[in-house]
Amino acid sequence: MIVTTAQLFKHAYGKYAVGAYNINNAEQAMGLFKGAIDSKAPFIIQISKGARNYTDKRMLEAIIRSAGEIFPEAIFAVHLDHGDEQTCYDCIDSGFFSSVMIDASHDPFEKNVEITKRVVEKAHAKGISVEAELGMLGGVEEDIVVEEGHSCLTDPAEAEEFVKQTGCDSLACAIGTSHGAFKFKGKQSLHFDVLEKIKARMNGFPLVMHGSSSVPQDEVARINAAGGTIAGSMGVDVNEYLPAAKLGVTKINIDTDGRLVWTRVHREFFRDKPSEFDFRPPGKIFITEYAKFIASRNVLLGSAGQLDDLRKSLGK
Ligand code: G3H
Ligand code: 13P
Ligand code: ZN
């Protein structure tokens, strides 16, 4: 059942974080839905502009609709990840999305406000909520690369002003994470001080953490042992998800970790079976492994086991 992102946030705020997982194809969709049901967790499906262009946006929408029929007990929202203005309007008009993200965080504050306000107006007219971003994460967002050292943390006073001026429904804050598999040079904690200050000003307002993959080191080791070269990658400490959720981080974005599961499964499969050329056996393994990964993440986010209570609170 597709619900609004606002409904998910209302149930989760201050208690747990809803996992927001990016998908591009049918195998990811099957693994995601299976893992969510196995862990009895609500979730958000994220679709990036790149994902919409990978096969065809209609194909992706059809896959999600079908997954919703195959797993009728699932409760989820559909969200545009890192949208530009035009993509936001396309998704708002599609009638399929629960929420969109307008990412104008690379623009100066005033321009970010201006663009976000326009999107909020159009989205709210159709009952769709809007995530905006303030501050700048390192790494790659769609086609924009932010070099290490050029990222900047969200300023709490600016965040309050930004939300007041734009009317956005949730805010992606830069609290030390970045996109991709190479987040930090060494172990690094989230900036809980920034979260505390934002919460003190905007208690009850849902925050979003991008770049939240944990880049499991055993996964990386297996990938490298099977021919990969992604040494030195590092991610977010999974034990910090729940403390962040208690400070208002209501949506936690995870994409890279799923790609690592895919890479490990396929590298190991074809290393061990060099004469194989049927893609379905490793595809099947990936679905199972991705489902296990999703369920394990939902436990760490605190969203596991929330499905029945959410259903009751929605009156379904
Ligand atoms: O933040 C970016 C997400 O991981 C989506 O990545 O634009 O390559 O689909 P993508
Ligand atoms: P990761 O690269 O850490 O998975 O972040 C994903 C993300 O923020 C999607 O918007
Ligand atoms: Zn992101």
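Since we're looking at a predicted model, the values are computed, not measured.
- When side chains are defined from C-beta on, Pro216 counts as touching Asp257, because their heavy atoms get closer than 4.5 Å.
- Salt-bridge check for Lys126 with Asp93: passed, with a basic side-chain N closer than 4.0 Å to an acidic carboxylate O.
- In this structure, Phe76 has its ring center under 6.0 Å from that of Phe33.
- Both Phe43 and Phe9 are members of a single hydrophobic cluster when ILVMFWY side chains are connected at heavy-atom separations under 4.5 Å.
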Test log, rule side-chain contact (heavy atoms from CB on, under 4.5 Å), inputs Ile198 and Phe205: CA-CA 9 Å; Ile198 296 176; Phe205 189 83; over 6 Å; no
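- Partner of Val208 under the side chain to side chain contact (heavy atoms under 4.5 Å, CB included) criterion, out of Asn253, Leu171, Ile44, Val18: Asn253 alone.
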His179 vs Asp255, side-chain hydrogen bond (donor to acceptor under 3.5 Å, both in side chains): CA-CA, chis, key distance, verdict: CA-CA 9 Å; His179 292 102; Asp255 183 13; over 6 Å; no
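- Within a 6.0 Å radius of NZ in Lys273, other residues, nucleotides and ligands contribute 12 heavy atoms or fewer.
- Between Asn298 and Tyr21, the closest side-chain pair of non-hydrogen atoms falls below 4.5 Å.
- For the atom pair OG of Ser214 and CZ of Arg297, the computed distance is 3.5 Å after rounding to the nearest 0.5 Å.
- Side-chain contact between Ile75 and Gln7 is absent, with no heavy-atom pair separated by less than 4.5 Å.
- No more than 12 heavy atoms of other residues, nucleotides or ligands shown are found within 6.0 angstrom of OH on Tyr54.
- Contact check for Val113 versus Glu161: no side-chain heavy atoms found under the 4.5 Å cut-off.
- If you chain together hydrophobic residues whose side chains sit under 4.5 Å apart, Val249 and Val299 never meet in one group.
- Within a 6.0 Å sphere centred on CE of Met59, heavy atoms belonging to other residues, nucleotides or ligands number 12 at most.
- When side chains are defined from C-beta on, Phe96 does not count as touching Lys57, because their heavy atoms never get closer than 4.5 Å.
- For Tyr290, there are no side-chain hydrogen bond (donor to acceptor under 3.5 Å, both in side chains) partners two or more places apart in sequence or in a different chain.
- By the 4.5 Å heavy-atom criterion applied to side chains, Pro206 and Lys251 are not counted as neighbours.
- A side-chain donor-acceptor contact under 3.5 Å links Gln217 to the backbone of Val215.
- In this structure a side-chain-to-backbone donor-acceptor pair under 3.5 Å is present from Asn224 to Ile230.
- Residues Ser105 and Gly135 come closest through the heavy atom pair CB-O, 3.4 Å.
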Derivation of the side-chain contact (heavy atoms from CB on, under 4.5 Å) call for Ile63 and Thr55: CA-CA 11 Å; Ile63 287 171; Thr55 48; 5.7 Å; no
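- The main-chain N or O of Glu268 is never found under 3.5 Å from a side-chain atom of Arg222 such that the two would form a donor-acceptor pair.
- In this structure, the side chain of Thr87 does not engage the main chain of Gly83 through any donor-acceptor pair within 3.5 Å.
- The line from CD of Glu133 to SG of Cys173 is 9.0 Å long, rounded to the nearest 0.5 Å.
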Stepwise salt bridge (charged side-chain N to carboxylate O under 4.0 Å, His left out) test for Lys292 and Glu289: CA-CA 5 Å; Lys292 272 197 245 166; Glu289 290 294 296; 2.9 Å; yes
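- From Gln46, atom CD reaches atom CG of Asn22 across 4.5 Å, with rounding to the nearest 0.5 Å.
- Here the options are His210, His82, Lys49, the test is side chain to side chain donor-acceptor pair (under 3.5 Å), and the partner is Asp103; only His82 passes.
- With hydrogens and angles ignored, the 3.5 Å screen pairs no side-chain donor or acceptor of Ser212 with any backbone N or O of Ile254.
- The closest side-chain donor-acceptor pair between His79 and Ser99 falls under 3.5 angstrom.
- Here Thr5 contributes atom OG1 and Glu131 contributes atom CD; the two are 9.0 Å apart, rounded to the nearest 0.5 Å.
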Test log, rule side-chain contact (heavy atoms from CB on, under 4.5 Å), inputs Leu134 and Asp155: CA-CA 8 Å; Leu134 191 63; Asp155 176 271; over 6 Å; no
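- At a threshold of 4.5 Å between non-hydrogen side-chain atoms, the residues Phe192 and Glu240 count as touching.
- Under the side chain to side chain contact (heavy atoms under 4.5 Å, CB included) test applied with Ile115, the options Asp84, Ile102, Thr166, Val120 reduce to a single match, Ile102.
- To the nearest 0.5 angstrom, Arg65 atom CZ is 6.0 Å from Glu61 atom CD.
- Judged purely by atom type and a 3.5 angstrom limit, Thr250 has no side-chain atom pairing as donor or acceptor with the backbone of Tyr13.
- No donor-acceptor pair closer than 3.5 Å links the side chain of Ser98 to the backbone N or O of Ala77.
- Residue Thr154 comes nearest to Val194 through the heavy atom pair O-CG1, 3.5 Å, listed as atom of the first residue, atom of the second, then distance.
- The same ILVMFWY cluster, assembled from side-chain heavy atoms under 4.5 Å apart, contains both Met234 and Ile175.
- Residue Phe286 is grouped with residue Met30 when hydrophobic side chains (ILVMFWY) are merged at heavy-atom distances under 4.5 angstrom, including chains of intermediate members.
- Here the closest heavy-atom approach between residue Pro42 and residue Tyr16 is recorded as CG-OH, 3.9 Å.
- Lys197 and Pro156 get closest at one heavy-atom pair: CB-CG, 3.6 Å.
- Aromatic rings from His266 and Phe279 are positioned such that their centres are separated by 6.0 Å or more.
- Atom CG of Leu32 and atom CD1 of Ile45 lie 5.5 Å apart (nearest 0.5 Å).
- Atom CZ of Arg271 has more than 12 neighbouring heavy atoms from other residues, nucleotides or ligands inside a 6.0 Å radius.
- Considering every non-hydrogen atom in both Thr256 and Gly180, the closest pair reads OG1-CA, 3.4 Å.
- Val238 and Leu242 fall into different hydrophobic clusters, where Ile, Leu, Val, Met, Phe, Trp and Tyr residues are linked whenever their side-chain heavy atoms come under 4.5 Å apart, directly or through other members.
- Using a 4.5 Å cut-off on side-chain heavy atoms (C-beta onward), Phe71 and Glu73 make contact.
- Contact check on Arg118 versus Glu121 returns no salt bridge, with no Lys/Arg side-chain nitrogen under 4.0 Å from an Asp/Glu carboxylate oxygen.
- For Ser233 against Ala181, the heavy-atom pair with the smallest separation is CB-O, 2.9 Å.
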side-chain contact (heavy atoms from CB on, under 4.5 Å) evaluation trace for Asp169 with His124: CA-CA 10 Å; Asp169 305 282; His124 284 185; 2.7 Å; yes
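- Not one N or O on the side chain of Lys122 forms a donor-acceptor pair closer than 3.5 Å with the backbone of Tyr89.
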